Structures are given as C-alpha cells and as structure tokens.
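Start at 1 with the first residue, then count along the sequence. This is a predicted model, so every value here is computed, not measured. Start at 1 and go down the list; that is how both ligands and their atoms are numbered.
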Amino acid sequence: MIRIGLGRDIHRLVPGRPFLLAGLELPAERGELGHSDGDVLAHAVTDALLGAAGLGDIGEFFPPEDSAWRDADSMGLLKTTYKKVKDRGWKPVNVDCIVICETPRILPYREPIRDALAAVLELPREAVFVKGKTNEGMGPVGEGLAVEALTVCLLERE
Ligand SMILES: [Zn+2]
C-alpha cells in the first residue's frame, strides 16, 4: 500500500531570529518567528508525514499553546513524528519540497538541507529533493516578510 501526504507552512520573518531550514541556519538578516524554533521546512515535512499516515496534523501533536514546545527543536519534532509513522509500519519512499522566499537563495545550501532531512527519514539523498523559489516580489513572501514551504511525502507499507 502507498499513501501520499501534503504539508504546507508559512512563518513571518523578523530581525533577530535565525533563518532555519531543516535545522540548518542560513545567513540572513531575518529569521522565522514562531512558538517553536520556526523551522518552516521541518514543519511542512512533519505535516506531510502525518497526513500521509492519516495520524493528524502538527498542531494536534505539538500544540502551540503547550509550553513544552516553546523554542522546540523542530528537527527533533520531525524525528518524533517519523518514529510514530514508522511504528505503524510506514516507510517513506520520497519527499519533495519547495521553499519560497526572496532571500536567502536556497540553492547553495540545498545539498546539506537534503542530507539533514534524509538522515532523519532514513532515506538516501536521492529520495529527498528541495527546490528554492521566489514569489517574484509579490505578496508578503515577495516583500521578504514571510517564508513558505510546501512538501509532498510518499509512504509505503508492506
Ligand atoms: Zn511552522
């Protein structure tokens, strides 16, 4: 059996916060505002995994109002989620991601970002892809006020 999941997330970008993607800090003047560490890509992948397995969404598993997740390491939350999915017999086949922001450029950091996600999901790098896009200057993302991530994840079970 195979199942597909879709994840989407957006965070405001503000000065004085690190710009995190899959746990890697990219050089940037602004970073994600969030109750957790704000790692927009880790959150989108987490939601895609949960959706594919039919388990719920990130807000149910890690409620923002729960102080336990304040400044939480989102890659740790992804690891916890992956374990839940794996415990139910699911194995990721591949993950494909889009990160949308005006700056920084994603391409120079793409391979380490792929490796970071692949390590958590126990996948080869080839099974994890990350594309950087801009929003062509339009809307809050285009004005540099936000960063958005979209992810699809395929799971299989014997
Ligand atoms: Zn988020």
Side-chain angles (χ1 to χ4, degrees), residues 3-86 90 92 94-107 109-110 112-123 128-135 138-155:
R3 292 267 181 84
I4 194 163
L6 172 65
R8 182 265 183 187
D9 196 26
I10 188 165
H11 279 259
R12 290 177 191 273
L13 291 173
V14 295
R17 295 272 297 188
F19 187 103
L20 292 172
L21 290 179
L24 277 89
E25 185 175 346
L26 276 57
E29 286 177 12
R30 292 161 168 252
E32 297 116 324
L33 184 64
H35 179 76
S36 66
D37 62 12
D39 191 327
V40 70
L41 182 56
H43 294 171
V45 174
T46 299
D47 247 357
L49 274 177
L50 288 171
L55 288 176
D57 69 44
I58 192 169
E60 293 173 57
F61 275 88
F62 310 108
E65 60 275 13
D66 185 339
S67 61
W69 311 118
R70 184 179 299 279
D71 296 321
D73 165 15
S74 297
M75 287 301 273
L77 303 187
L78 177 59
K79 266 182 205 151
T80 301
T81 302
Y82 171 62
K83 194 180 177 307
K84 285 181 198 298
V85 168
K86 195 177 167 184
W90 293 106
N94 80 305
V95 173
D96 191 21
C97 311
I98 301 175
V99 176
I100 312 168
C101 60
E102 299 303 296
T103 58
R105 290 190 66 226
I106 305 304
L107 186 58
Y109 309 99
R110 187 180 73 193
I113 291 170
R114 292 174 72 189
D115 286 342
L117 291 173
V120 169
L121 301 174
E122 299 184 295
L123 284 170
V128 178
F129 206 77
V130 178
K131 295 176 284 286
K133 301 277 178 191
T134 73
N135 217 36
M138 295 179 291
V141 172
E143 289 163 19
L145 300 176
V147 55
E148 186 174 354
L150 302 166
T151 300
V152 287
C153 174
L154 191 69
L155 298 180

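Around the Zn ion (ligand 1), the protein atoms of type N, O or S found under 2.8 Å away are Asp9 OD2, His11 NE2, His43 ND1, listed by chain and number.
At a threshold of 4.5 Å between non-hydrogen side-chain atoms, the residues Ile106 and Leu26 count as touching. When side chains are defined from C-beta on, Val40 does not count as touching Glu148, because their heavy atoms never get closer than 4.5 Å.
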For residues 42-51, which side-chain N or O atoms pair as donor and acceptor with protein atoms under 3.5 Å away, sequence neighbours left out?
{"residue": "His43", "atom": "ND1", "partner": "Asp9", "partner atom": "OD2", "Å": "3.2"}
{"residue": "His43", "atom": "ND1", "partner": "His11", "partner atom": "NE2", "Å": "3.2"}
{"residue": "His43", "atom": "NE2", "partner": "Ser36", "partner atom": "OG", "Å": "3.2"}
{"residue": "His43", "atom": "NE2", "partner": "Ser74", "partner atom": "OG", "Å": "2.7"}
{"residue": "Thr46", "atom": "OG1", "partner": "Ala42", "partner atom": "O", "Å": "2.7"}
{"residue": "Asp47", "atom": "OD1", "partner": "Ile58", "partner atom": "N", "Å": "2.8"}

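Within the structure, salt bridge (Lys or Arg N to Asp or Glu O under 4.0 Å) contacts touching residues 16-33 (residues at least two apart or in different chains) are Arg17-Asp71.
In this structure, Phe61 and Leu55 approach most closely via the heavy-atom pair CE1-O, 3.4 Å.
With sequence neighbours left out, the ring-ring contact (aromatic ring centres under 6.0 Å, His included) criterion links Phe62 to Trp69.
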